[in-house]
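Everything below concerns the one structure shown next.
Just so we're on the same page: letters track the sequence lines, and every chain starts at 1.
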Protein chains: 2
Amino acid sequence: MVEDASSSGAPTLEAVAARAGVSRATVSRVVNGSTTVKPEAIRAVQQAIAELDYVPNRAARSLASRRTQTIALIVPESAAKVFADPFFASVVQGVALALARTDYTLTMLIESEADPTKTGRYLRGGNVDGGIVVSHHESDHSYVDAGIPMVFGGRPIDGGESAGPTVDVDNRNAARAAVEHLVERGRTCVATIAGPQDMPPGLDRFAGFREALEAAGLDASLVEFGDFTPASGAIAMRRLLERGVPIDALFAANDQMAIGAYSAIREAGLSIPEDIAVVGFDDDVHSATAVPPLTTVHQPSVDMGASMASILVDLIEGREAPTATLLPTTLVVRQSS
Amino acid sequence: MVEDASSSGAPTLEAVAARAGVSRATVSRVVNGSTTVKPEAIRAVQQAIAELDYVPNRAARSLASRRTQTIALIVPESAAKVFADPFFASVVQGVALALARTDYTLTMLIESEADPTKTGRYLRGGNVDGGIVVSHHESDHSYVDAGIPMVFGGRPIDGGESAGPTVDVDNRNAARAAVEHLVERGRTCVATIAGPQDMPPGLDRFAGFREALEAAGLDASLVEFGDFTPASGAIAMRRLLERGVPIDALFAANDQMAIGAYSAIREAGLSIPEDIAVVGFDDDVHSATAVPPLTTVHQPSVDMGASMASILVDLIEGREAPTATLLPTTLVVRQSS
DNA sequence: TTGAAAGCGCTAACAC
DNA sequence: GTGTTAGCGCTTTCAA
């Protein structure tokens, strides 16, 4: 179906102007919602736009306005983890959904391990208006001074100044509350499967664990480390059990490791929660349907993504934005504790 | 740090040309790998590019060349599922990784339910060179004739002509093999939790289930439907058990529903695989660490994403590409069967 | 093999 | 309020 015999590709602003009987500038004004246009002109333009099925060309708009209306989502190449981890997946989902309601477009930037400077150069090349970083594993944030606004998920590694606003949950206090819950249930030999200690969530949840036990006067030496994967949780749990000391509760730094621990606990012929009560962290999709359903710390992951997106948009558009946003967690008590 | 006192923002091609002592056209040729440039000129330009830390401006390039070097990843607004589903997450990961090795950029397009035409208009607006569609729930693919190449994950709904190349696994035969495995293990009362029957994977896996049982002369009426979520799996399993007829095996149309079924089976005081053998589909991250580890059909999800990406790039660049790619599945036998 | 020049489709002063 | 006029930074004929 040919819309306009004289045009070859998509209709241009010029075609709209001609059809509406106004100048290109006026069409541009209407498209961009300028208030200084006569109502009748607005109507004429809108009708022409509809008739022609006109869509502004992003590249041209961006070139002329020096804005790209594009936001980069920066994920590490070890993206396996980013997407396999339901928590990150929800954060991404939150970002994407929030942005879908704006005029911004999301582009995914995988940090190439082969060429670590690629990401930074792309950001500095004026191709995006801002960036969202959803991992903290690396401390080499060479893109921090990309000259454009950046928002980070999770607090920066200690010592590293935050390069921009952060959106996070209070991991330490949330972990502390989770462990206190175990203590209140009468558990006295509480172990933990901590996360990697080069990542803030790993560090902070571990700190919360220790705080809770020390406050209760309990031993806090039943510790093994995992890398947030189910398999690492299973391995860590086996090591804890092999110590041969009594354990009546476990705090896992995330749900995936908790689920991994489930299998090790079962292998050992122990039952949950009778022999060992388990609490996780994240409240991912699988925790509610685990057997038994997992008590865990719920993080508002979709909201975190949405917050990051809206903070970034505020920054890009020159509005004020909080430099550190802490979203509330809640302990979801199910049958594992 | 000011690289070049005379320039304000990022260095332009013009600045590179000046520094290298050549024309802008020559710089453009070098950047785009033209072979008709003298080696010494190439070197001079490359050095200038390095010194200036020059990055081509995408918008300008796209405007002039009428190519965008951008590929859209189109996901339904019910993106909750897309990202919560580890299978889709891996597919996306495969797409992203494959594209990271090319000059193409991935932009995520969420199909707005509020304005269903938005996606189509964006695609038709010349903003991307091609699109990858990773869901088939909707039959309204209004973007099929967006005038740009499109690649689809999974075969189209019956009747709907494929609007472009598809990448898929042979769901029917894979399901059939999974069920045959149960039959070979001596199971005779095989139930299934099928997926939604408006989605090809749901349909095809169900068809494979029936085929296998009919070929074995067994009853194929133990069927309940779920929506691929763990919760729906649990509910469906409960309904199956409530029928009061003997069941000694279950084929779930995906792992998430299989895991959901696990809890219903346990609630009923039955054990896996002694009382009921279970086989899933997808081989997602959790299946190996489930208790017991789940026997399942492994899909090469990352490869599927990568295939979609490379097929799309071939199409965009005018190369031939297969219209239907079927990737191999393998039955991973673990302890649940 | 290289340069000059003409746009790509749009925005943004600046006049009117 | 609206039109005119320059470009935004790059690619791409066309000549040389």
Sugar-phosphate atoms are those with a prime plus P, OP1 and OP2; base atoms are the rest. Using that split, label each nucleotide of nucleotides 3-10 of chain D B, S or - for protein heavy atoms under 4.0 Å, 5' to 3'. BBBBBBBB
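Remark: A:R121 engages A:D115 in a salt bridge (Lys or Arg N to Asp or Glu O under 4.0 Å) (not counting sequence neighbours). By the side chain to side chain donor-acceptor pair (under 3.5 Å) test, B:T35 pairs with no residue at all, sequence neighbours left out. A search for side chain to side chain donor-acceptor pair (under 3.5 Å) contacts involving B:D303 returns nothing, not counting sequence neighbours. In this structure, B:R58 has no side chain to side chain donor-acceptor pair (under 3.5 Å) partners at least two apart in sequence or on a different chain. Residues forming a side-chain contact (heavy atoms from CB on, under 4.5 Å) with A:R24 (at least two apart in sequence, or on another chain): A:L13, A:E14, A:A17. A search for side-chain contact (heavy atoms from CB on, under 4.5 Å) contacts involving B:A64 returns nothing, not counting sequence neighbours. When the side-chain contact (heavy atoms from CB on, under 4.5 Å) test is applied to A:Q47, the partners found at least two apart in sequence or on another chain are A:E51. Annotation: side-chain contact (heavy atoms from CB on, under 4.5 Å) contacts of B:I42 (sequence neighbours excluded): B:V30, B:V37, B:Q46.
Residues in residues 307-326 of chain B take part in these salt bridge (Lys or Arg N to Asp or Glu O under 4.0 Å) pairs, two or more places apart or across chains: B:D314-B:R319, B:E317-B:R319.
Using a 4.0 Å cut-off on heavy atoms, the residues of residues 37-50 of chain B that approach DNA chain C are B:V37, B:K38, B:A41, listed by number.
Here the C1' atom of nucleotide C:dT11 and the CZ atom of A:R67 are 9 Å apart, to the nearest Å.
Here the side chain of B:T68 pairs no donor or acceptor atom with the backbone of B:S62 at under 3.5 angstrom.
Taking the nucleotide of DNA chain C with the nearest heavy atom to each of A:V31 and B:T35, the more 5' of the two is matched to B:T35.
Five base pairs at each end of the helix from C:dT1-D:dA16 to C:dC16-D:dG1 define two local axes, and these are offset by 30° (rounded to 10°).
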